[in-house]
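The first residue in the sequence is number 1, and the count goes up from there. Both ligands and their constituent atoms are indexed starting at 1 by order of listing.
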Amino acid sequence: MNKKFVQWLYIFVGVMALGLGAHAQPGPKNFKNPIIPGFAPDPTITKVGEDYYLANSSFEFFPAVPIYHSKDLVNWQLISYAVSNSDYLPELRQVDPNRGIYAPTLRYHDGLFYMITTCVRCGDNFYVTAKDPRGPWSEPVWVEGDRGIDPDLFWDDDGKVYYSGTGILDKSKAPWKQANGIWIQQIDLKTGKLLGKKTQLTFGHAAEAHYTEGPHIYKIKGKYYLIVAEGGTGSSHAVSVFRSDKVKGPYEPFQNNPVMTHRNMGYKAFIHTTGHADLIETQNGEWWSVMLAKRNFGGKTMLARESFLTKVEWHNGWPIFNGPVNRVLEVDKRPNLPWSPFPAKPTRYHFDDKNLELEFNFLRNPASKWYALTKGQLAIDVRPETGDMNKVSPSMVLHRTRDLQYVASTQVSLKNRKDNEAAGLVVYRNKDNWYQFVLKGDKVELSYYRKGKLIEVASEPYIADSAVLKIVASKDIKLYFSYGESEKQLRSIGGSVNADATSDNIALGFNGPYVGMYATSHNQVSNKKAYFDWFEYKGLDDKNGQ
Ligand code: 6LW
């Protein structure tokens with residue numbers, strides 16, 4: 001055989017094998033919602049080739065606006081944050097809980113990713129751009145003036161770019177109480193300047209619709225579609241759709257609106273609060289929607305608003321969401337895309353890298369770098385700020401709670417502790433609703449705030465420099481705490497503790513729960529550092545809806 005032929009034969013066999021490989025592993029039939037569990041509200045999605053990117057709102061936490069990547073719309077991996085340079089958003093240092101970064105829109109146009117959002121009470125609307133969604137992302141470009149929450153960007157075929165915002169342009173025309181509306185205006189993306197006249201597009205479809213917000217505009221088969229959230233981001237939440245021949249309207253509402261809601265399913269529905277959708281067409285011609293919803297764990301919303309996926313089909317030029325059931329399901333048939341799971345990540349963080357792993361967040365944007373990764377330890381400055389103070393960024397390094405059931409543990413050391421010096425673990429939602437499990441002075445202490453009231457659960461003598469601390473969250477909405485000098489010798493403390501302080505039911509608000517590391521000197525100066533050898537977050541929920 002001649003050499004060239006043999007080479008070609010090898011290539012042919014190789015390509016066939018690859019093809020067969022893909023067929024041999026077709027992936028599961030179904031997927032499980034939510035696609036991004038735990039504090040992942042207001043999802044927005046875009047696509048480049050066969051890669052999908054999704055962003056969420058992040059409120060007072062930093063880095064801001066997590067960005068996830070997927071190839072199959074089901075398996076998602078955190079790849080970056082749209083704002084991670086702390087100099088870019090100094091306004092986020094002092095925001096109130098549940099203010100800060102609201103619903104973003106993520107889009108890709110002509111080689112650039114755009115993420116536009118609102119920093120509520122911290123500068124208003126801005127966008128950032130990146131060539132690579134993994135970063136670096138640009139400095140914020142601020143859109144001039146007060147523009148309302150939930151901005152959207154839409155590129156029309158003629159090259160003009162449109163900004164849609166929420167609000168009522170002429171307040172005397174507010175059609176009813178609690179009305180909000182959507183308007184549109186051209187934008188110059190070089191300067192952030194809005195151009196020409198604003199045009200009011202809608203106040204929502206339902207008579208007396210509350211809080212119409214979260215607009216996204218698309219052009220599909222020659223028509224303009226406007227999708228909005230209405231009803232407010234609670235149990236009345238819904239998705240409504242409008243259509244027009246012109247980008248500035250008039251927009252005709254779909255007579256079957258809302259196209260998606262669980263508002264009429266009653267308070268026992270497992271998935272509820274469905275709304276705030278964004279649409280995407282796959283390379284295989286299917287349409288899917290991401291949207292936020294909450295899960296009901298025995299009446300408690302423990303994981304706040306999360307990101308869900310549901311199928312969309314077109315009928316007579318209108319979108320049908322998950323027909324014929326018209327519900328977001330926990331287990332559903334997965335998209336026709338190559339199954340592409342990411343390798344499972346180790347659950348234990350050893351702090352061996354120079355930088356903190358992407359999963360870790362701070363409460364607000366730290367003004368100074370009060371932590372360091374050194375020799376396989378995370379060293380955290382023991383600072384006066386505490387978790388119950390407002391508008392500060394205490395020494396907290398937090399990991400999103402992505403499961404109802406999880407184990408979080410750490411090995412912490414704080415030498416020669418004074419009575420005011422503490423370090424350990426927190427389960428955190430906001431200053432009025434959080435748990436602390438710390439070495440403090442010559443004790444180990446367990447207490448929590450629920451609706452701003454301090455509940456002291458237990459305090460036991462403990463004098464060693466270092467300890468392993470462990471929290472187990474169980475599905476009956478309880479937290480179990482244990483501690484000891486090594487992982488093999490843990491003693492439980494405090495019995496079973498009500499875990500609902502960080503639920504939506506108790507904490508209220510838009511943000512979500514975290515678990516993580518914490519150090520404080522309780523309003524006094526300290527020059528100590530707390531050293532964390534490792535931190536482990538192990539989710540115990542069944543991810544296997546397939
Ligand atoms: C968001 C608004 C909403 O900006 O809640 O669910 C606000 N919808 O659209 C905060 O997430």
Of the protein's non-hydrogen atoms, which lies at the shortest distance from [atom], and what is that distance?
atom                   : result
atom 8 (N) of ligand 1 : Glu213 OE2, 3.1 Å
atom 5 (O) of ligand 1 : Arg305 NH1, 3.3 Å
atom 1 (C) of ligand 1 : Asp150 OD1, 3.5 Å
atom 7 (C) of ligand 1 : Tyr102 CD2, 4.0 Å
atom 6 (O) of ligand 1 : Thr233 OG1, 2.8 Å

If the cut-off is 4.0 Å to any non-hydrogen atom of [X], which atoms of ligand 1 fall inside it?
X      : answer
Phe59  : 10 (C), 11 (O)
Leu292 : 6 (O)
Ile149 : 4 (O)

Checking contacts here: is it the side chain or the backbone of Pro41 that comes within 4.0 Å of ligand 1, counting heavy atoms only? Could be both or neither. neither

Is there any N or O on Asp42 that sits under 3.5 Å from an N or O of ligand 1? yes

Heteroatom proximity flag, His276 to ligand 1, N/O under 3.5 Å: yes

Are [X] and [Y] close enough that their ring centers fall under 6.0 Å?
X      : Y      : value
Tyr225 : Trp314 : yes
Tyr102 : Phe59  : yes
Tyr514 : Phe61  : yes
Tyr127 : Trp137 : no
Tyr349 : Phe360 : yes
Trp155 : Tyr114 : yes

Angle class for the Trp434/Tyr518 ring planes (parallel below 30°, perpendicular above 60°, tilted otherwise)? perpendicular

Asp42 side chain to Leu292 backbone, donor-acceptor under 3.5 Å: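 Here the side-chain-to-backbone pair does not exist.
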
